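Given the structure is predicted, the values throughout are model-derived calculations rather than measurements.
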Amino acid sequence: ASDCCSRFCGRLCGRRSQGGEAPSAPLADATSCAELELVGVSTQSADLCFCCGGVLGSERFIFSIEDQGEMIVHPSCFVCSVDQSPLGEDFQFVEGALYCCYHFAEEFYQECAGCSMRDLDVNHFADERWWHQACFLCESCQEPLAGSGGEEGSWEFFKHCRLCYCRKCYETSIRKLCNECGFPIEVNSDNENGSQCIRAMGKEYHRECFVCHRCKLPLGSYCNVNEEPFCVACYTEMLGVSFLSEGNEIPSPIPPGEMKRSDTKKLDAEQQGACLAEGIVISLEEDTALDNQIALSKADCTWKTSPPIDGCICRFDFRTLAPRAFRRLRSVAFGLSEIEFRKSLSKPFSGGAQGEGKSGQLFFFSWDYRFIVKTVDDIEMHFFEKCMLDYCNHFMDTDKGASFDRGGVTRSLLPRYLGVYTIKFQGGRKKSVLLMTNVFPKDQEFKETYDLKGVLGSGRFVSEEQRAAGVKVLKDRNFLGRMLNIGPHAKKRILDQLCRDVEFLRARNRIDYSLLLGVALVNSMREKPSKDESDQWPTPERRGLRSMTVRGNTTVPGEEAFFLGIIDVLQKYTDRKKAEAAVKGIQFRLQHAYKAVKARTSNISDSRNAVSAASPTTYADRFVKFMKEYTE
């Protein structure tokens with residue numbers, strides 16, 4: 001027993017425990033305490049109970065402890081320290097206390113996650129749990145996962161649906177990834193009629209993901225064009241000839257079997273918001289566990305969960321991109337602790353409605369309105385695949401110009417992305433979503449809200465009829481009658497930061513971004529801007545930037561406060577955008593050819609200011625020029 005305990009504690013808990021030999025028979029001919037004292041024998045070492053310190057009688061137990069010699073106790077004291085039950089031959093002595101074997105295991109041994117037993121051999125830690133080596137098995141082949149990495153004592157495993165698999169089973173059976181969405185296809189489901197898997201052009205797809213490459217509609221049959229599936233209509237329209245007239249064979253039919261219907265009803269916006277919040281919370285837990293899983297890479301962070309939502313079991317796949325990078329951004333650049341972050345995600349997201357922009361993307365909000373979740377197109381996700389490191393450095397690298405306020409929060413006006421995720425509901429297509437901070441503080445009513453691009457075409461105006469119909473965000477031409485009056489010192493700080501942020505976007509060929517501006521009345525604010533002008537900044541944590549009014553030769557605080565930030569920064573300047581800029585420029589010039597240029601404001605009649613689509617350099621210069629012109 002002593003060897004067992006010392007080996008266990010020396011390796012796992014760091015405490016040295018000492019086992020004991022079996023107690024001897026009671027000593028019948030013992031001498032009383034008083035008699036020993038008369039002959040000068042120490043009562044402390046000979047006649048006092050080791051456990052309770054009381055005087056020993058004629059009956060006593062004696063047992064030996066490693067490195068401490070013999071111990072003598074009352075028979076009534078030779079009991080387990082937990083439940084006071086009498087001890088037998090098997091007992092343990094740890095830090096001055098006696099334990100029976102059962103309670104010793106409960107106190108000092110870990111419980112195996114596989115068999116629920118507690119003993120010395122539960123000494124392998126993996127997947128945030130303790131295991132017997134023989135109990136941590138591949139879910140598919142039931143082979144031990146310990147040592148599967150090629151080295152003794154190493155653990156190599158891959159997770160899917162929160163289950164663990166060895167490399168061989170994961171790569172051959174589990175990791176059948178859809179060529180369209182990148183999420184796994186159900187194991188062996190392609191062998192059944194009505195399966196979710198389609199094999200076409202040497203690739204595998206979810207049935208719901210096998211759509212026309214151009215129109216994105218489901219395919220009944222397809223035409224193979226450069227290893228991409230097209231419907232017959234798109235093929236004919238694209239090439240101007242019939243597919244059959246080119247001598248091609250009949251379009252390939254989809255394999256038999258109808259789409260496997262989901263066992264869930266179609267989710268409404270509230271249920272989708274609950275799933276998004278659930279997925280993000282799980283991703284945070286999985287991110288912590290990754291530190292102990294050397295073989296689990298970012299591409300393998302895929303799982304399926306089934307949270308009950310309003311009595312409906314919802315199944316979905318969920319993936320997070322660069323979790324550690326975003327965790328560092330949250331803590332270092334955005335001043336957001338993980339406790340605060342998780343608190344805001346503790347309830348389902350609300351919203352789910354389309355925004356007022358042309359993109360048609362969906363917007364969700366955290367329960368406290370601190371964070372926004374927005375769906376994005378796949379092409380916009382390329383920003384994070386190509387520019388993620390640059391994005392992090394822009395916020396955190398002071399050598400490259402990053403600056404922070406007194407609270408240690410970045411002064412950048414770019415969107416603060418807290419996470420990037422992909423979700424795919426069962427039977428549906430994947431959706432990419434962004435989690436970011438809200439430019440505006442929660443529960444704040446705004447006098448006016450603007451979306452400013454520096455574009456003065458007719459489309460950048462919100463009419464009275466549109467306002468009456470519920471449009472709240474005004475545009476550039478609505479802003480022409482006013483100024484962003486913040487004073488000379490604040491103007492320099494804002495424009496310097498704005499130029500740095502815009503240059504970051506220009507260098508990465510981004511266009512179509514805008515400045516979201518909220519104008520609030522100071523008297524309506526619960527937390528008013530700081531009285532110290534140098535401490536003000538147009539963000540929620542700094543309580544906004546107060547307007548300044550000139551009275552005579554002095555500048556005094558005004559009645560308004562401004563909150564602003566750059567939004568929609570993911571659009572790249574593509575060939576399609578180049579064509580759009582050229583076509584709309586020609587249309588604009590033709591429409592105004594018969595009008596005298598002097599009869600209108602020159603900057604509105606100039607197509608470079610009237611058409612939104614432009615090259616990154618032109619777009620950036622126009623944007624900064626507009627902000628300089630309307631800031632004082």
Are [X] and [Y] close enough that some pair of their side-chain heavy atoms sits under 4.5 Å apart?
| X | Y | result |
| --- | --- | --- |
| C387 | R510 | yes |
| T437 | I372 | no |
| L515 | L498 | yes |
| P229 | C212 | no |

Does the pair [X]/[Y] count as a salt bridge with the N-to-O cut at 4.0 Å?
| X | Y | answer |
| --- | --- | --- |
| E503 | R506 | yes |
| R542 | D535 | yes |
| D512 | K572 | no |
| K625 | D621 | no |
| D532 | R406 | yes |
| K347 | D368 | no |

If we ignore hydrogens and angles and just use 3.5 Å, is the side chain of S524 paired with the main-chain N or O of A520 as donor and acceptor?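 It does not hold such a pair.
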Contacts table for residues 378-386: side-chain donor-acceptor under 3.5 angstrom, sequence neighbours left out:
{"unit_1": "E380", "atom_1": "OE1", "unit_2": "D377", "atom_2": "N", "d": "3.2"}

Would you check, one step at a time, whether the test side chain to side chain contact (heavy atoms under 4.5 Å, CB included) holds for R327 with L418? CA-CA 8 Å; R327 182 171 61 183; L418 308 176; over 6 Å; no
Mutual orientation of the aromatic rings belonging to Y391 and Y417 [parallel < 30°, tilted 30-60°, perpendicular > 60°]: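 Ring orientation of Y391 relative to Y417: tilted.
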Evaluate L284 against F341 for side chain to side chain contact (heavy atoms under 4.5 Å, CB included), listing each step before the verdict. CA-CA 10 Å; L284 295 175; F341 187 50; 3.8 Å; yes
Aromatic contact, F349 with F364 (centres under 6.0 Å):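 Distance test on ring centres: not under 6.0 Å, no.
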Which pairs with one or both residues in residues 478-490 pass salt bridge (charged side-chain N to carboxylate O under 4.0 Å, His left out), sequence neighbours excluded?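 As it turns out, the salt bridge (charged side-chain N to carboxylate O under 4.0 Å, His left out) pairs with a partner in residues 478-490, which skip direct neighbours, are E448-R482, R482-E560.
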cation_pi(R622, Y619) dist<6.0 Å, angle<=45: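 Here R622 passes the 6.0 Å and 45° test against Y619.
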Y369: which of W367, F371, F365 passes ring-ring contact (aromatic ring centres under 6.0 Å, His included):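 Passing option: F365.
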Are more than 12 heavy atoms from other residues, nucleotides or ligands located less than 6.0 Å from atom CZ of R328?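 Open.
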